[in-house]
Amino acid sequence: MFVKNAMPIPNSDIADMLNQTADLLEIQDENPFRVRAYRNASRTVRNLSGNAAEMIAEGTDLTEYQGIGKDLAGKIGQIVETGAFDVLTSLRQQIPGELDKLMHISGLGAKRVARLYKELDITNLEQLKQAVDSGRIRDVEGFGKKTEDNIREEIGRLMGADQKRLKIAVVEDLAAPLVAYLKKGEGVKQVTVAGSFRRRKDTVGDLDILVTCKKHSNIMDHFTRYEDVQKIVSKGATRSTVLLRSNFQVDVRVMQDANYGAALMYFTGSKEHNIAVRKIGLQKKLKLNEYGLFRGEKRVAGRTESEVYARIGLPYIEPELRENRGEVEAAQANRLPKLVKLTDIKGDLHVHTNYTDGHNSIREMAEAAKALGYSYVAITDHSQHLTIAGGLQPDALRKQMEEIEAIDQSLRGITLLKGTEVDILENGTLDWPSDLLADLDVRVCSIHHQFTLSKEQQTTRILKAMDNPYFNILGHPTGRLIQDRQAYAVDMERIMKAAAERGCLLEVNAHSDRLDLNDIHCKMAAELGVTVVISTDSHRTSHLENMRLGVGQARRGWLEAGNVANTRTLGELRKLLKPR
DNA sequence: GCCGTTTTCGGCCCGACTGTTTTCAGTCG
């Protein structure tokens with residue numbers, strides 16, 4: 001049985017085990033639909049808003065979820081109870097080494113990995129490298145010189161430093177000049193970045209770019225001549241793939257304007273969303289592909305995405321929702337959220353200045369916020385405990401508050417709020433005395449040390465801090481740094497329930513390294529009735545524009561303007577920030 | 001292994017590109 005005090009197994013671990021099972025079954029040439037069933041269940045578990053182990057303990061029947069039937073629900077139960085999965089264990093005994101890892105080499109799938117094992121006894125990357133170097137690979141049926149070269153290159157890439165997915169802000173910087181370049185191609189009409197970039201995922205694995213242009217364009221030649229191209233992986237009339245010098249992959253697909261909507265849907269994905277939508281189409285005898293929506297041979301839609309969705313009988317689904325996390329069902333029931341937009345945001349509530357570790361002055365940050373059209377901005381520098389970031393002493397904070405008031409008097413069209421980013425100390429107290437907290441307008445409360453406390457201790461620490469009547473906003477609630485630092489262990493559901501009860505707000509930190517809360521947590525917040533604040537944690541004026549990244553995550557988490565405190569007018573906002 | 005306005009069996013999204021092939025399997029998205 002699930003022991004209450006033991007750390008429950010995270011959803012990601014369960015999902016990984018199911019996915020590894022799928023890989024190994026595929027290597028065994030199992031029924032491909034059984035393989036797919038494991039992959040689907042893996043994805044469903046990964047996307048659950050609650051912890052599967054806790055849900056099971058509370059009596060939730062996992063078969064309610066898409067892709068989990070009686071059998072897999074039982075198997076997930078076993079994983080949760082024992083921490084192990086006998087199907088996977090037995091497969092690992094039958095299949096030696098790291099064959100499933102070899103599958104993740106681009107160009108090698110289950111079939112070829114199995115063949116390499118059967119014929120050359122290759123079970124790991126090192127053996128594969130030796131087989132390539134000695135030329136034995138070429139003797140295997142279906143493997144030729146080109147394949148050998150490809151594998152050699154891929155191994156080199158894998159053994160070198162590679163982090164394939166990049167943070168979305170980094171990808172924005174790669175995409176902008178490439179899009180500008182493509183637009184200069186002969187006969188080019190539209191250039192749109194699709195894929196996970198358009199869905200605003202926090203990291204992006206490759207760029208999918210859709211180009212529409214006149215017939216007989218030489219756009220693919222133009223594309224592959226782009227100066228940052230390191231290698232042309234494939235090049236065809238309608239689709240080409242290259243690697244940039246940074247090893248980042250870019251796919252370009254060429255379409256005619258009449259197909260634009262269908263193609264954009266197709267290339268935006270997610271794959272799982274597209275499959276779900278196509279299934280609904282099939283029920284109505286409609287076939288959907290990147291060239292349009294067809295009834296038999298007849299094309300019935302395709303020019304715009306809205307047209308395609310409408311013809312299938314669905315309202316338009318925003319790209320950020322297209323993860324098959326319930327949006328298709330919500331669309332069928334006409335219960336899609338009306339997502340928050342960047343233009344709904346009326347102010348930024350987490351901004352640093354050169355009083356602590358920011359680069360710009362109070363006035364410069366305020367002017368920059370005003371230029372974005374905001375009606376308020378809060379200055380929230382660090383508290384005394386955070387010496388490494390030049391945390392303020394109480395008298396320095398008093399002096400800053402006076403300066404904020406003075407500058408506020410001199411500004412028109414924007415209100416400057418006196419704020420703080422106050423440390424939550426290890427015992428759950430805040431790093432300022434109550435009399436100081438009382439004189440501030442906004443208190444962002446954050447954890448900046450002792451990341452390694454147990455889940456129970458960390459959760460208790462935060463809950464205790466929330467007992468403070470001046471606690472407004474939990475800053476970067478999990479402390480994760482994308483691809484750099486794991487989230488610290490917290491019971492997010494308990495924290496959110498407590499926040500909802502007490503009127504505390506949770507931050508969606510829009511800094512490109514954080515995006516914390518993440519998308520799944522945002523959705524959980526909406527479900528639990530927690531109001532969030534989307535803030536940039538700016539340390540220089542240019543960071544204020546990161547708001548778009550935070551809004552992207554909020555949209556991926558199904559948040560509406562009503563779920564977001566800083567879409568409200570200053571008067572309404574102040575009510576939420578009053579001490580309790 | 002899942003699922004059901006095609007409903008408890010018999011389906012399961014669909015097409016492009018490559019490489020190794022002489023007509024297509026494997027891989028990818």
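All chains are named by letter (A, B, ...) in the order of the sequence lines, taking the proteins before the strands, and each is independently numbered beginning at 1. Note that the coordinates shown come from a computational prediction; the quantities given were computed from them, not determined experimentally.
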What pairs of residues pass the ring pair (Phe, Tyr, Trp, His ring centres under 6.0 Å) test when at least one of them lies in residues 105-137 of chain A, not counting sequence neighbours? none
Sequence-distant partners of [X], side chain to side chain donor-acceptor pair (under 3.5 Å), two or more places apart:
| X | answer |
| --- | --- |
| N563(A) | none |
| Q283(A) | none |
| Q130(A) | none |

Pair listing, salt bridge (charged side-chain N to carboxylate O under 4.0 Å, His left out) test, anchored in residues 249-273 of chain A, at least two apart: K189(A)-D257(A), R253(A)-E290(A)
Whole angstrom value for the distance that separates C1' of dC14(B) from CG of L286(A): 15 Å
Integer-rounded Å distance: dT18(B) P and N150(A) CG: 11 Å
List for me each residue that meets side-chain contact (heavy atoms from CB on, under 4.5 Å) alongside R115(A), sequence neighbours excluded, and say none if there are none. E119(A), V140(A), E141(A), F143(A)
Sticking with atom P, work out how far dC9(B) lies from dC17(B), rounded to a whole angstrom. 42 Å
dT23(B) versus dC28(B) - spacing of their P atoms, nearest Å: 25 Å
Listed by chain and number, what are the ring-ring contact (aromatic ring centres under 6.0 Å, His included) partners of F33(A), not counting sequence neighbours? none
Just list the side-chain donor-acceptor pairs under 3.5 Å for residues 508-520 of chain A, sequence neighbours left out, or say none.
{"unit_1": "N509(A)", "atom_1": "OD1", "unit_2": "H511(A)", "atom_2": "N", "d": "3.0"}
{"unit_1": "N509(A)", "atom_1": "ND2", "unit_2": "E507(A)", "atom_2": "OE1", "d": "2.9"}
{"unit_1": "N509(A)", "atom_1": "ND2", "unit_2": "D537(A)", "atom_2": "OD2", "d": "3.0"}
{"unit_1": "H511(A)", "atom_1": "ND1", "unit_2": "D513(A)", "atom_2": "N", "d": "3.0"}
{"unit_1": "D513(A)", "atom_1": "OD1", "unit_2": "K167(A)", "atom_2": "NZ", "d": "3.1"}
{"unit_1": "D516(A)", "atom_1": "OD1", "unit_2": "T478(A)", "atom_2": "N", "d": "3.1"}
{"unit_1": "D516(A)", "atom_1": "OD1", "unit_2": "T478(A)", "atom_2": "OG1", "d": "3.0"}
{"unit_1": "D516(A)", "atom_1": "OD2", "unit_2": "T478(A)", "atom_2": "N", "d": "3.1"}
{"unit_1": "D516(A)", "atom_1": "OD2", "unit_2": "T478(A)", "atom_2": "OG1", "d": "3.3"}
{"unit_1": "D516(A)", "atom_1": "OD2", "unit_2": "G479(A)", "atom_2": "N", "d": "2.8"}
{"unit_1": "N518(A)", "atom_1": "OD1", "unit_2": "I520(A)", "atom_2": "N", "d": "3.2"}
{"unit_1": "N518(A)", "atom_1": "OD1", "unit_2": "H521(A)", "atom_2": "N", "d": "2.8"}
{"unit_1": "N518(A)", "atom_1": "OD1", "unit_2": "H521(A)", "atom_2": "ND1", "d": "3.4"}
{"unit_1": "D519(A)", "atom_1": "OD2", "unit_2": "R325(A)", "atom_2": "NH1", "d": "3.2"}
{"unit_1": "D519(A)", "atom_1": "OD2", "unit_2": "R325(A)", "atom_2": "NH2", "d": "3.4"}
{"unit_1": "D519(A)", "atom_1": "OD2", "unit_2": "R556(A)", "atom_2": "NE", "d": "3.1"}
{"unit_1": "D519(A)", "atom_1": "OD2", "unit_2": "R556(A)", "atom_2": "NH2", "d": "2.9"}

Give none if dG26(B) has no partner; otherwise give the nucleotide forming a Watson-Crick or G-U wobble pair with it, both distances under 3.5 Å. dC17(B)
So, with a heavy-atom separation below 4.0 Å from DNA chain B, the residues of residues 299-332 of chain A are none
If you take any heavy atom closer than 4.0 Å to DNA chain B, which residues from residues 13-34 of chain A end up in contact? N31(A), F33(A), R34(A)
Atom pairs, N/O to N/O, protein against nucleotides 27-29 of chain B, distance under 3.5 Å?
{"unit_1": "dT27(B)", "atom_1": "OP1", "unit_2": "G109(A)", "atom_2": "N", "d": "2.6"}
{"unit_1": "dT27(B)", "atom_1": "OP1", "unit_2": "G109(A)", "atom_2": "O", "d": "3.3"}
{"unit_1": "dT27(B)", "atom_1": "OP1", "unit_2": "R112(A)", "atom_2": "N", "d": "3.0"}
{"unit_1": "dT27(B)", "atom_1": "OP2", "unit_2": "K111(A)", "atom_2": "N", "d": "3.3"}
{"unit_1": "dT27(B)", "atom_1": "O5'", "unit_2": "G109(A)", "atom_2": "N", "d": "3.4"}
{"unit_1": "dC28(B)", "atom_1": "OP1", "unit_2": "G107(A)", "atom_2": "N", "d": "2.6"}
{"unit_1": "dG29(B)", "atom_1": "N2", "unit_2": "Y266(A)", "atom_2": "OH", "d": "2.4"}

Begin with the C-alpha distance, continue with both residues' side-chain angles, and end with the deciding distance and a verdict on side chain to side chain donor-acceptor pair (under 3.5 Å) for R322(A) and S270(A). CA-CA 6 Å; R322(A) 301 182 196 169; S270(A) 68; over 6 Å; no
Look at the side-chain N and O atoms of K287(A) and state whether any lies under 4.0 Å from the OP1 or OP2 oxygen of dG15(B). yes
Sequence neighbours left out, what pairs pass side-chain hydrogen bond (donor to acceptor under 3.5 Å, both in side chains) with at least one residue falling in residues 56-78 of chain A? Y38(A)-K75(A), D61(A)-T63(A), D71(A)-K75(A), Q78(A)-D86(A)
